[in-house]
Amino acid sequence: MRFRLSPHDTPKIIAWVFILGCFLCSIYGLVSAASASSHHDTSLPWQYWGEVFSFTLWQAFLSTVTSFLIGLPLAAGLAWRFERAKPYLLALMQLCFVLPPLVIVMILIQGLGKQGWLNSLGLSPYGLLGIVLGHAFLNAPFVARNVIQRLESIPRTEMQLSQHLGMSTFAFYKWVGLPHLTSTLKSTFLFVFLLCINSFAIVLSLGGGPGSTTLEVAIYQSLKYEFNPHQAAWLAAVQCITTLSIAIIMIKSSATHPSKPECISLGKKTKGIHYIALISFLLLWCLPLCLFITRHLTNVISQSFWIEPLALSLVYGFTVTTLSALLCFALLSSQRAKTASTLIANLGIIYPTMVLTTGLTLLWYRSALGQWSPLILILAIQSLVILPYLYRALSDPWDRIKHQYGPLYAHLNMSSGQRLRWVYWPLIKGPFIGSFCVSTVLIMGDITVPAMLGFEHFPTLSVSIAKSLGAYRFEIAYGLAAVQLLATLFLFSLAEYFGRTEYANR
């Protein structure tokens, strides 16, 4: 049977060509750089590579285990209490996960550094300890949020039976909770492990020396300091293979969750534990954020040096997210070959940002385009980086609308534009605006692409913070970080409001 293209397939084909073209160009850039330096010394420092690779896996493992050691008790304490406050607690946990990495670094340095309690114990917030704490601050709320949502989906009958049998808390988690949590714990562990391997800003800021170098930082150093594209290309290949292997394992162990959880209280015996968990979360995560804003925002609010970086950050974030949203809608516009569209949309997960940026950067500067401003390259990379999140947020509601109204607009012979305007947009605008705001927050906080392509092209808040730290202008850096944190809170609040199911179904 011959496959025919319809006019509705055109946007999808254009998106396929663009996305696959970028990734294939990145691979070509890496391969050409790895094989082009024949007239130079191409001996590979295997001992150095082994140390970098082992430290990358070691810090990722320790960071993931620490995140679980903190997140699991937190989830157990908050799972079946505070029903009215539960949506806000889950939103705060999601906020901690999307905070800009540089802001997290500065909060940790302020709270644990020279004048913090960690220094009083004779320990330093830099090196392996600082990296683990930074990753735990970022990922522990995410672990707790995933576990809470899975625990709350345990069927009511099993909860009532455990109460009827008089099970202790330990026995309940062993015989009832653990079987439901196994798949979630596996997929969450691998996902957090993958995030820690691909972490750049936290490792670069808190690494503290050559002994705390990961693959991503080594790639950055090879290009920006050693000017060795050959080594950078090989390191990027190692990074890509490692990430791809973990992603394949994660996909095979991915968990599915019931859409509507059923909750029931476990009684009053563990009430004190629940309140301890709530207070711990508020003190360890929410209080530092509030204190950081109130302490440093007042120092810059009367000045104007933060206005231009904030405006540029918002414009930059909105532009990148708009381009990524266009790609997402193009992939969703046609339901034929949906599996291929889903795989192409999620290439940004299995192909690390640093590897994508390295390959395209090497190809860009080796070609005739190297004399131009890399603004187009910047926008393309960032739109591909954020595409998996947008696609995942919009694909489920899009499929529901397609299933419900597909026969109707097919009978009316509506064009793709008419379908989007009159059918999809009124029903999908809530999730879209919510995911758009979160995507903007993630793009505004990213520092990987700016670091690789040059800070002079990115006068945004994150870049201004990095420049101020490099120039030892700490007061300005703290003030800019407070402004970025406040902008993050505002956009995330919009995301939570527009992303609610009630609003989306109006």
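Counting begins at 1 with the first residue of the sequence.
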Do Ile246 and Ile249 have side chains that approach each other closer than 4.5 Å (heavy atoms only, starting at C-beta)?
no
Worksheet item: Is it true that a side-chain atom of Ser439 and a backbone atom of Ser435 form a donor plus acceptor pair closer than 3.5 Å?
Response: yes
| Backbone N or O of Leu332 within a donor-acceptor pair of the Trp398 side chain at under 3.5 Å? | yes
CG of Asp446 to CZ of Phe200, rounded to nearest 0.5 Å, is 9.5 Å
Only residue of Asn146, Leu74, Val143 satisfying side chain to side chain contact (heavy atoms under 4.5 Å, CB included) with Met93 is Leu74
*Is any side-chain heavy atom of Leu384 closer than 4.5 Å to a side-chain heavy atom of Phe23?*
yes
Whether Ser205 side chain and Ile202 backbone form a donor-acceptor pair below 3.5 Å: no
- Yes or no on side chain to side chain donor-acceptor pair (under 3.5 Å) for Gln484 and Ser313, after CA distance, side-chain angles and deciding distance? CA-CA 9 Å; Gln484 186 172 18; Ser313 296; over 6 Å; no
message = If you apply the rule side chain to side chain donor-acceptor pair (under 3.5 Å), what do you find for Asn198 with Thr243, and how did you get there?
response = CA-CA 8 Å; Asn198 294 329; Thr243 302; 3.3 Å; yes
Could you walk me through whether Ser222 and Leu235 pass side chain to side chain contact (heavy atoms under 4.5 Å, CB included), step by step?
CA-CA 9 Å; Ser222 297; Leu235 286 169; 3.6 Å; yes
The reported gap from CZ in Phe18 to CG in Leu326 (rounded to nearest 0.5 angstrom) is 10.5 Å
- Could you tell me whether Leu291 atom CG has more than 12 heavy atoms of other residues or ligands within 6.0 Å of it? yes
Interatomic distance, CD1@Ile248 vs CD1@Ile350, rounded to 0.5 Å, equals 7.5 Å
Output for pair (Ile447 CD1, Met452 CE), nearest 0.5 Å, gives 12.5 Å
*Please assess Phe193 against Phe61 for the test ring pair (Phe, Tyr, Trp, His ring centres under 6.0 Å), listing each intermediate value before the final yes or no.*
CA-CA 6 Å; Phe193 188 75; Phe61 176 77; 7.2 Å; no
Rounded to the nearest 0.5 Å, the CG atom of Leu480 sits from the OG atom of Ser464 at a distance of 6.0 Å
**Request:** Check whether any side-chain N or O of Ser26 sits under 3.5 Å from a backbone N or O of Leu356 as a donor-acceptor pair, and report yes or no.
**Result:** yes
Before you tell me yes or no, could you show the steps for Thr66 and His135 under side chain to side chain contact (heavy atoms under 4.5 Å, CB included), namely the whole-Å CA-CA distance, both residues' side-chain angles and the distance that decides it to 0.1 Å? CA-CA 9 Å; Thr66 304; His135 287 156; over 6 Å; no
Checklist entry - Do Tyr391 and Phe329 have their ring centres less than 6.0 Å from each other? => result no
Parallel, tilted or perpendicular: ring planes of Tyr478 versus Phe474, cut at 30 and 60 degrees: tilted
query: Do Leu215 and Val238 come close enough that some side-chain heavy atom pair is under 4.5 Å?
result: yes
Check whether any side-chain N or O of Ser280 sits under 3.5 Å from a backbone N or O of Ile276 as a donor-acceptor pair, and report yes or no.
yes
Checking Leu62 against Trp58 for the side chain to side chain contact (heavy atoms under 4.5 Å, CB included) test, could you report, in this order, the C-alpha distance in whole Å, the side-chain angles of both residues, the deciding distance, and whether it holds? CA-CA 6 Å; Leu62 289 180; Trp58 179 237; 3.4 Å; yes
- Is there a donor-acceptor pair closer than 3.5 Å between any side-chain N or O of Ser54 and the backbone N or O of Glu51? yes
task = State, yes or no, whether a side-chain contact exists between Thr460 and Met444 at a heavy-atom distance under 4.5 Å.
result = no
Rounded to the nearest 0.5 Å, the CZ atom of Phe436 sits from the NZ atom of Lys429 at a distance of 16.0 Å
- Query: Between the main-chain N or O of Thr184 and the side-chain N or O of Ser187, is there a donor-acceptor pair closer than 3.5 Å?
  - Reply: yes
Ignoring hydrogens and angles, tell me if any N or O in the side chain of Trp285 forms a donor-acceptor pair with the backbone of Cys96 under 3.5 Å.
-> no
Between Phe189 and Phe68, does the ring centre distance come in under 6.0 Å? yes
Exercise for the section: Look only at the side chain of Ser212 and the backbone of Gly127, and say whether a donor-acceptor pair between them is shorter than 3.5 Å. Expected result: no
Those residues at least two apart in sequence (or on a different chain) that pass ring pair (Phe, Tyr, Trp, His ring centres under 6.0 Å) with Phe142 are Phe97, Phe191
So Tyr88 and Glu496, side chain to side chain donor-acceptor pair (under 3.5 Å) or not? Walk me through it. CA-CA 9 Å; Tyr88 304 100; Glu496 285 296 312; over 6 Å; no
Full working for side chain to side chain contact (heavy atoms under 4.5 Å, CB included) between Val52 and Val217: CA-CA 9 Å; Val52 170; Val217 175; over 6 Å; no
